[in-house]
Amino acid sequence: MTSWRTSDSAGLIPPHRYTAALAASIEQRWQNYWQENHTFDAPNPAGPLADPTGVANRSKLFVLDMFPYPSGAGLHVGHPLGYIGTDVYARFKRMQGYNVLHALGYDSFGLPAEQHAISTGIHPRVNTDSNISNMRRQLRRLGLGHDERRSVCTTDEEFYKWTQWIFLQIYNAWFDPSTSRARPINDLVAQFVSGERKTSEGKAWSTLTPAQKSLETDAFRLAYLSDAPVNWCPGLGTILANEEVTAEGRSDIGNYPVFRRNMRQWTMRISLFSDRLLGDLDRLDWPEPIKLMQRNWIGRSEGARVSFSSSAGAIDVFTTRPDTLFGATFIVLSPEHPLVIALTTEKHHKNVEAYISQAGASSDADRQNDSRAKTGVFTGSYAINPVTNQPIPIWIADYVLMGYGTGAIMAVPSGDQRDFEFARQFDLQILATQMPSADWFNQHDITPSDDCTTWPSAYVGEGDYVNSANDTLSLNGQRSISDAKNLINAWLTEKNAGEATVSYRLRDWLFSRQRYWGEPFPIVYDQDGLAYDLPESMLPVLLPELADFSPQLLDPMDSDSDPVPPLARVADWVTTTLDLGDGPRQYRREVNVMPQWAGSCWYELRYLDPTNTRQFVDPEVEKYWMGPASDGHTGGVDLYVGGVEHAVLHLLYARFWHKVLYDLGHVSSEEPFHRLFNQGYIQAYAYRDDRGQTVPAEKVKETNGTFTFDNEKVTREYGKMGKSLKNIVTPDEMYDEYGTDTFRLYEMAMGPLEASRPWNTRDVVGMQRFLQRLWRNVVDEETGLLTVSQDAIPETLLRQLHKCIAGVAADMEALRFNTAISKLIELNNGLTQHVNSGLSTPLDLIKPMVQMLSPLCPHLAEEIWALLGHETTITFEPFPIADPNLLISDTVEVPIQINGKVRSRILIHIGASQDELLTAATSDPKIIAALGGLVPAKSIVIVDRLVNFVV
RNA sequence: GCCGGCGUGGCCCAAUUGGCAGAGGCACCAGGUUUAGGACCUGGGUGUUGUGGGUUCGAGUCCCACCGCCGGCACCA
């Protein structure tokens, strides 16, 4: 028998070296072990997955990854970064005794599968299922410690039953402004019945027809049908949420043009929750940039509503600067403002009409191009400025947006640059209300004056108030802006001409999509078009089978045609006979479906209790995993890891749903995700030849900083991994070439989890070498026998071990896996020296080393653990604890500086006093020489740290 | 334009939070082992910490200005 075998490339490899092949066999064996032994099944306190003894006396930890969409392209090496990070953390916490819940399911409704179905004619479920099984296969090879029982898919009927159920909770709720809480709609009806709340026309509730009653309640429901401007995307055949439209006015998916038009659509009153969504951000442990993005998106601004009277009634404007009201010399309405027609005089009718149609025809993108000159037209009417009692002209202009504030502004050209430009353009009056500083006039090289005709631009800032007084109010003189605001707001309230108020940028959430592959709404309509919610017993409303998945074909630029959703074509599904309590009647089903965000708004709750058929989650189970940790704590997932791209989409929608469920008493947590961590992205280099074509990145060679492909010079760029850049590297390639543990280690070692960085396959080998050295320190590469001894650990190695334990534990707790790995390599390098000097590896050293390694490289750790004679998994072994006595040494090397430059070092005992340090430093020969007889003007002595002489 | 984030050896990245610029990996160089080879062993750090000022006994770290890259928002009243 030969002890050497030949490898493909060259040379001989010892039979028991830790190669990719050995790693693969170890890894698959342990993956099977974990699956067969249900190692990662997390016990619940109650419900179908209850195991009270498993729960007892352990702290819990809920670790969550953002819900993945099962893409047909499969995973590349960038995808698992976060999954590996959460797995390492979860395994680390299990070793610290926590009951850890870690699972991964699939957000499997969505446009790509449906687009695929349209082009191939294959049912999206077929494609979705095969994508999921491919992704499960790829993820299984990663060795993630997931509870497989909890891997739910949003497309599972038993899952979307509860998505529909939650929709109905939202539909049957309203927002009570007195408590800022969602309440059951029945409470509202009770208020109507008792007369405590007036109906819109003041009639008694009992006298209203059913249609009138539903009109009254629909005005309050948190999910409602509205006939409002929507983002219509003919290229996708569906409308989109504001959050799904890019700044360029195109669809986030597919980059098709998006048009504004009115359509009757399901909408959610998320805007009523603006204040809570904003305020509760302060109570969350989230990265500041994400909080900022949500704050910006919600866009709270404090100001005042001011009422201007006009021939068509009061025109309400919103302003953040009511203190400049005396300078409001004209009013501008959005072209879509409802009062425009009534305000337009005969003479200006033609101009206004032309302007409105011109504004409607131009896209949002055009309208928002701020380099464009201001446009607008006069309506012919005037409004009365409430503080001056003077008539001011009413204009319409497209720089005023209907979707923000009231769709009307008071223009103060002296204090707002846009208004200033507009006034100059159309020769409107500009009246100063604040005197700019002398500096400002100097800068613009003009003589100080409140005559704005001399001003080159508006003045924004603090300044003495001028021209701002009437008979009952004066702001004039030196005062702060906030002081002036308070004065004017009080005056407006007193005169009934306005009040201090708050405006938000966040608008209600457009919730229906004209597609097939989504959750059907649990809503039907009767002959009169009245909507009815279906009872829980009729859930789920299943998607019907469909022969043809195509939406009707529309030109991407066709902004006028009405969409016909695919479900509308399934006649025997759309029309249905149901008994909703008053005998069998014929109804028409809602033919829109929910957007992809619906499932991801609550999936984390289903992970908790995935097999519960009676409830979406058992309240006791929810409270255990997600309940508040203490008074004032929001509750929610203990650690949520994902990319930054969901900052204002998923993360805002899910918070909204969760708050509604909290208000209605279905969950005990106020927020879904208490701690959020944003992982970075792995990007990759890509290469182009001189014709600009991308070439396969893996075949590019580098020599002295120049890159060649087929001996042709190519240029390097840097970007997302993808087909178009030909720079994809898959986990499968890494498993084959290096093994999973090496791959996991490399992903974690290449930098901090939150940082984006380039992938470089050539660097992976460093981690494999580390594991090979570690393996070789434990196992004889030729015989495969254990080489561990019972010898005591030498003092230096023992100290190194405990320093390592302390460092690694702290690093893992803080998710700093890159530095934890470097500390483990350091320790192993120390051990390697010990072994190379002819000694063997002490058992007492390798045990804690393997324990520390196991969160990162669980397969290799399990294998060595078993070789050391253990019969059960290493998963629940306690994480090593450092002995504090071994962390401190007797002596320390202290640098001696002269003027901040290190000139010498001295070895001195720990805790040496300032005097001792000073004496030792001044008697050091190098320092005596460097000082050359000079007496230091000052000496800085920091115990155990340094001595610095200033001369 | 506004708001964030990041700039450290050739590359990916550390630095006890104001105290010796270097932990770890890749690459590179030299030597060892080897018939040879290296995924082995030993040794080697290659630098104006983006630039310019400031604070300080002392700045990669704090402050100001600028440059570059990345991200978010953008006529938001």
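Here is the naming used below: chain letters follow the sequence lines, and residue numbers restart at 1 for every chain.
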*Asks:* Using distance only, find each side-chain donor-acceptor pair of residues 768-775 of chain A under 3.5 Å and give its atom names and separation, not counting sequence neighbours.
*Replies:*
unit_1, atom_1, unit_2, atom_2, d
Gln772(A), NE2, Tyr18(A), O, 3.0
Arg773(A), NH2, Asn829(A), OD1, 3.4
Trp775(A), NE1, His16(A), O, 2.7

*Asks:* Report yes if a side-chain nitrogen or oxygen of Arg418(A) is closer than 4.0 Å to either non-bridging phosphate oxygen (OP1 or OP2) of rC76(B); otherwise report no.
*Replies:* yes
*Asks:* If we take the C1' atom in both rG60(B) and rU48(B), what is their distance in whole Å?
*Replies:* 13 Å
*Asks:* Rounded off to whole Å, could you give me the CZ-to-P distance for the Arg305(A) and rC76(B) pair?
*Replies:* 22 Å
*Asks:* Work out how far the C1' atom of rG10(B) is from that of rG47(B), and round it to whole angstrom.
*Replies:* 12 Å
*Asks:* Select one nucleotide: of rC12(B), rG38(B), rA14(B), the one nearest the side-chain heavy atoms of Arg17(A).
*Replies:* rG38(B)
*Asks:* Write down the distance separating the C1' atoms in rU49(B) and rG18(B), rounded off to the nearest Å.
*Replies:* 15 Å
*Asks:* How far apart are the C-alpha atoms of Asp275(A) and Arg300(A), what are their side-chain angles, what is the distance that settles it, and do they pass the salt bridge (charged side-chain N to carboxylate O under 4.0 Å, His left out) test?
*Replies:* CA-CA 8 Å; Asp275(A) 249 342; Arg300(A) 181 181 202 270; 3.3 Å; yes
*Asks:* Quick one: label Leu292(A) by what it contacts on the DNA or RNA (base, sugar-phosphate, nothing), any heavy atom closer than 4.0 Å.
*Replies:* sugar-phosphate
*Asks:* To the nearest Å, how far apart are Asn296(A) CG and rC3(B) P?
*Replies:* 11 Å
*Asks:* If you measure from the C1' atom in rC76(B) to the same atom in rC70(B), how many Å do you get, rounded?
*Replies:* 25 Å
*Asks:* Assign Ser756(A) to base, sugar-phosphate, or nothing according to its heavy-atom contacts below 4.0 angstrom with the strands shown.
*Replies:* sugar-phosphate
*Asks:* Between atom CE in Met748(A) and atom C1' in rA14(B), what is the gap in whole Å?
*Replies:* 17 Å
*Asks:* Which pairs, with at least one residue in residues 941-951 of chain A and sequence neighbours excluded, count as a side chain to side chain donor-acceptor pair (under 3.5 Å)?
*Replies:* none
*Asks:* Within the distance-only criterion (no hydrogens, no angle test), does the side chain of Tyr399(A) pair as donor or acceptor with the backbone N or O of Gly376(A) below 3.5 angstrom?
*Replies:* no
*Asks:* With 3.5 Å as the limit, what N/O pairs link the protein to nucleotides 23-27 of chain B?
*Replies:*
unit_1, atom_1, unit_2, atom_2, d
rA23(B), O2', Glu826(A), OE1, 2.8
rA23(B), O2', Glu826(A), OE2, 3.2
rA23(B), N3, Ser822(A), OG, 3.0
rC26(B), OP1, Arg769(A), NH1, 2.5
rC26(B), O2', Asp763(A), OD1, 2.6
rA27(B), OP2, Arg769(A), NH1, 3.4

*Asks:* Does atom NZ of Lys803(A) have more than 12 heavy-atom neighbours from other groups under 6.0 Å away?
*Replies:* no
*Asks:* Any chance the side chains of Thr787(A) and Asp780(A) put a donor and an acceptor closer than 3.5 Å?
*Replies:* no
*Asks:* Where does rU17(B) land, syn or anti, given syn is within 90° of 0?
*Replies:* syn
*Asks:* With sugar-phosphate meaning primed atoms plus P, OP1 and OP2, does Asn760(A) contact a base, only sugar-phosphate, or nothing at under 4.0 Å between heavy atoms?
*Replies:* nothing
*Asks:* Return the value, rounded to whole Å, for the distance between atom OH of Tyr681(A) and atom P of rG5(B).
*Replies:* 18 Å
*Asks:* I'd like the C1' distance from rC29(B) over to rU56(B), given in whole Å.
*Replies:* 41 Å
*Asks:* Which of the following nucleotides, rC73(B), rC75(B), rA39(B), is nearest to the side chain of Gln768(A)?
*Replies:* rA39(B)
*Asks:* Considering every strand and a 4.0 Å limit on heavy-atom distances, what is the contact class for Arg505(A): base, sugar-phosphate, or nothing?
*Replies:* base
*Asks:* Between Asp282(A) and Arg295(A), is there a salt bridge with N-O shorter than 4.0 Å?
*Replies:* yes
*Asks:* Measure from the side-chain heavy atoms of Pro752(A) and tell me the nearest of rC73(B), rC75(B), rC13(B).
*Replies:* rC13(B)
*Asks:* If we ignore hydrogens and angles and just use 3.5 Å, is the side chain of Thr406(A) paired with the main-chain N or O of Asp316(A) as donor and acceptor?
*Replies:* yes
*Asks:* Under 4.0 Å, counting only non-hydrogen atoms across every strand here, what does Gln897(A) touch: a base, just sugar-phosphate, or nothing?
*Replies:* base
